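What follows is a short report on a single structure.
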Amino acid sequence: VKLPLTIKYIDPTYMIRAVKPNANDSVYCSVLADNAVHAAMAGYTGISVGKVCERFVMLPIQAITMQKSKRVDLGGRWFVRLVSTTLQPDFTPDGVENPKVRPETTGPDPLVQFSDPSEFFSVVGRGDELRRLELEHLSAKFGRKDVPTTLEQTIQGANLGFMDGDSWVTQTLGTRGSKDIKVNLQMLRAGARQVLHFEPEQVAAAIVTCGGLCPGLNSVIRELVMMLSAYGVRKIYGIKGGFKGTTKPSTWMTLTPENVKDIHTLGGTILVADRGNPTDDEMAAALKSKGVRQFFVIGGDGTHRGAYKTSEAMAKVNWECAVVGVPKTIDNDIALLDRTFGFDTACSEALKAINTAYVEATCNANCIGLVKLMGRNCGY
């Protein structure tokens with residue numbers, strides 16, 4: 001039987017990218033930004049900050065740039081659970097085999113009072129490796145500075161929960177069905193340090209946003225400025241137009257707590273994101289000419305590659321500058337990280353479009369609701 005078919009097509013892409021972050025993402029952005037500043041003030045460089053296994057940690061930029069993007073596992077328990085609970089039909093094309101459901105692995109009971117002592121190898125597997133993700137520190141090239149923190153003077157009466165060079169955290173351990181050797185990573189926890197590498201009053205900092213728009217960019221910018229100011233940094237620059245703007249003096253603007261205090265309520269970025277970049281040597285020379293000692297880069301894996309090359313270029317010209325990345329992608333496809341900022345907001349906004357398409361499809365005869373969403377090839 002041939003019936004006329006109606007397709008209701010909805011593309012909310014730009015509406016999702018342009019909205020302000022929800023409360024959850026806004027808080028997440030603030031914590032990431034705070035930890036980025038703590039890392040730079042302590043002298044770490046060529047690093048990024050993120051949340052891994054529910055802990056905020058510092059990672060070498062290579063952990064962001066050298067791994068394959070994560071993707072939804074169509075044979076994993078989460079996707080299978082999604083399909084079964086939503087009663088979706090099987091859309092697998094003819095001739096394509098459905099991915100097999102992988103068996104779940106279980107670890108020991110986490111409740112200590114109901115557990116017995118166990119050998120370490122019974123938890124992680126015999127032959128497994130434990131490796132530390134070491135970080136670059138400016139003291140290796142420029143010597144130790146050991147400056148007492150200034151945070152206790154400006155943020156009084158609060159438990160700052162200081163970390164140090166021995167504050168390591170290990171990925172969640174667990175047994176598995178595979179007999180392959182598993183590498184468990186140890187990462188240095190992010191957070192404030194009692195000993196700094198920089199005298200805050202002598203620091204000039206610069207912030208840049210690169211790539212596409214994402215909910216939360218302004219929240220990160222705002223909190224970077226607020227935390228830098230809390231340390232006592234007096235020169236904070238915002239660079240408009242992504243990496244391209246670093247070599248154009250007209251695109252540099254001064255950021256203060258007063259002129260960023262309300263930007264978290266706005267979508268997009270006040271620094272105007274862009275793609276592409278000048279040469280690493282040109283960027284390093286521009287940052288040096290402005291006296292920048294801390295360079296904060298907000299962007300995805302490509303942006304982080306550029307940030308690391310700029311860090312190497314500044315080391316070549318013997319310029320002491322901490323380069324710290326804040327990972328950003330609305331696709332949530334950066335391996336190792338629990339999630340990236342903006343993704344939670346994107347899901348909430350996408351749900352509105354999906355619900356609209358469902359209403360159209362169910363309330364019109366012979367109708368299909370079709371929604372286009374972002375996410376490249378990762379599927380989140």
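Along the sequence shown, the residues carry numbers beginning at 1. Quick caveat: nothing in here was measured; it's all calculated off a predicted structure.
- Proximity of a side-chain donor or acceptor of R222 to a complementary backbone N or O of K261 within less than 3.5 Å is detected.
- With values rounded to the nearest 0.5 angstrom, L271 atom CG is found 10.0 Å from T251 atom OG1.
- Distance check: Y358 OH to T356 OG1 gives 13.0 Å after rounding to the nearest 0.5 Å.
- Clustering ILVMFWY residues whenever any of their side-chain heavy atoms sit less than 4.5 angstrom apart, transitively, puts I334 in a cluster other than the one holding V323.
- The main-chain N or O of E320 is found under 3.5 Å from a side-chain atom of R293 such that the two form a donor-acceptor pair.
- Residues M58 and M187 approach most closely at O-CB, 4.3 Å, considering heavy atoms.
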| said: Does F198 form a side chain to side chain contact (heavy atoms under 4.5 Å, CB included) with L138? I'd like the steps, not just the answer. | reply: CA-CA 10 Å; F198 292 99; L138 290 172; 3.5 Å; yes
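- Side chains of N364 and T6: a donor-acceptor N/O pair is absent below 3.5 angstrom, by distance only.
- Open room surrounds CZ on R144; 12 or fewer heavy atoms of other groups in view lie less than 6.0 Å from it.
- Taken from CD1 in I236 to CD1 in I221, the straight-line distance is 12.0 Å, to the nearest 0.5 Å.
- In plain terms, the two heavy atoms of S48 and I64 that are nearest each other are CB-CG1, 4.0 Å.
- No chain of hydrophobic side-chain contacts below 4.5 Å, direct or via other Ile, Leu, Val, Met, Phe, Trp or Tyr residues, connects V371 to M15.
- Atom CZ of R305 has more than 12 heavy atoms from other residues, nucleotides or ligands within 6.0 Å.
- T310 places a side-chain N or O within donor-acceptor distance of the main-chain N or O of G306, the cut-off being under 3.5 Å.
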| request: Please assess K352 against E349 for the test salt bridge (charged side-chain N to carboxylate O under 4.0 Å, His left out), listing each intermediate value before the final yes or no. | output: CA-CA 5 Å; K352 298 176 184 177; E349 293 299 314; 3.2 Å; yes
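- In this structure the side chain of L217 reaches within 4.5 angstrom of the side chain of K328, judged on heavy atoms.
- Under the 3.5 Å distance criterion, with hydrogens and angles disregarded, a donor-acceptor pair is assigned to the side chains of T13 and D11.
- Between M314 and A284, the shortest heavy-atom distance links the atoms CG-CB, 3.5 Å.
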| message | Evaluate K8 against C367 for side chain to side chain contact (heavy atoms under 4.5 Å, CB included), listing each step before the verdict. | response | CA-CA 7 Å; K8 303 294 185 180; C367 184; 3.4 Å; yes
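- No hydrogens or angles considered: nothing links the side chains of Q194 and T149 as a donor-acceptor pair under 3.5 Å.
- Environment of CZ in R71: sparse, with no more than 12 heavy atoms of neighbouring residues, nucleotides or ligands closer than 6.0 Å.
- In terms of heavy-atom proximity, S139 sits nearest to H137 at OG-ND1, 2.8 Å.
- At distances below 3.5 Å, at least one donor-acceptor pair connects side-chain atoms of H304 with backbone N or O atoms of G299.
- Side-chain contact between L228 and P200 is absent, with no heavy-atom pair separated by less than 4.5 Å.
- With I298 as reference, L224 is the one residue of L32, T269, L224 to meet the side chain to side chain contact (heavy atoms under 4.5 Å, CB included) rule.
- Within 6.0 Å of the CD atom in E201, the count of heavy atoms belonging to other residues, nucleotides or ligands does not exceed 12.
- Counting only distance, with no hydrogens or angles, the side chain of E223 and the backbone of S219 share no donor-acceptor pair below 3.5 Å.
- When atom types are taken as modelled, the side chain of S167 and the backbone of L188 share no donor-acceptor pair closer than 3.5 angstrom.
- The two residues P4 and N366 make their nearest non-hydrogen contact at O-CB, 3.1 Å.
- Within the 3.5 Å criterion, the main-chain N or O of T345 finds a donor-acceptor partner in the side chain of D25.
- Ring geometry for F295 against F243 counts as tilted: the plane angle lies between 30° and 60°, on a 0 to 90° scale.
- Taken from CH2 in W252 to OG1 in T246, the straight-line distance is 7.0 Å, to the nearest 0.5 Å.
- F142 and L135 fall within the same hydrophobic cluster, where Ile, Leu, Val, Met, Phe, Trp and Tyr residues are linked whenever their side-chain heavy atoms come under 4.5 Å apart, directly or through other members.
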| query | Do K240 and D274 pass the side chain to side chain contact (heavy atoms under 4.5 Å, CB included) test, and can you show the C-alpha distance, the side-chain angles, and the key distance before you say yes or no? | reply | CA-CA 8 Å; K240 290 185 175 182; D274 198 359; over 6 Å; no
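- Remark: side-chain polar atoms of W319 are not paired, donor with acceptor, to backbone N or O of K316 under 3.5 angstrom.
- Checked against the 6.0 Å centroid criterion, the rings of Y44 and H38 do not qualify as a close aromatic pair.
- Taking both residues in full, the closest heavy atoms of G342 and C214 are given as CA-SG, 3.8 Å, listed atom of the first, atom of the second, then distance.
- Residue-environment remark: NZ (K20) stays at or below the threshold of 12 foreign heavy atoms within 6.0 Å.
- To the nearest 0.5 Å, atom CG of residue L59 and atom CG of residue L133 are 6.5 Å apart.
- Within the 3.5 Å criterion, the main-chain N or O of C53 finds a donor-acceptor partner in the side chain of D338.
- By the 4.5 Å heavy-atom criterion applied to side chains, V37 and F296 are counted as neighbours.
- Cluster annotation: V292 and I47 are assigned to distinct hydrophobic clusters (Ile/Leu/Val/Met/Phe/Trp/Tyr, side-chain heavy-atom contacts under 4.5 Å, transitive).
- With K70 contributing its side chain and L337 its backbone, the two residues share a donor-acceptor pair below 3.5 Å.
- Side chains of D344 and Y28 form no contact here, defined as non-hydrogen atoms less than 4.5 Å apart.
- Residue M283 holds its CE atom at 6.0 Å from CG of N277, rounded to the nearest 0.5 Å.
- Hydrophobic cluster membership is shared by I207 and M226, with clusters built from Ile, Leu, Val, Met, Phe, Trp and Tyr side chains linked at under 4.5 angstrom.
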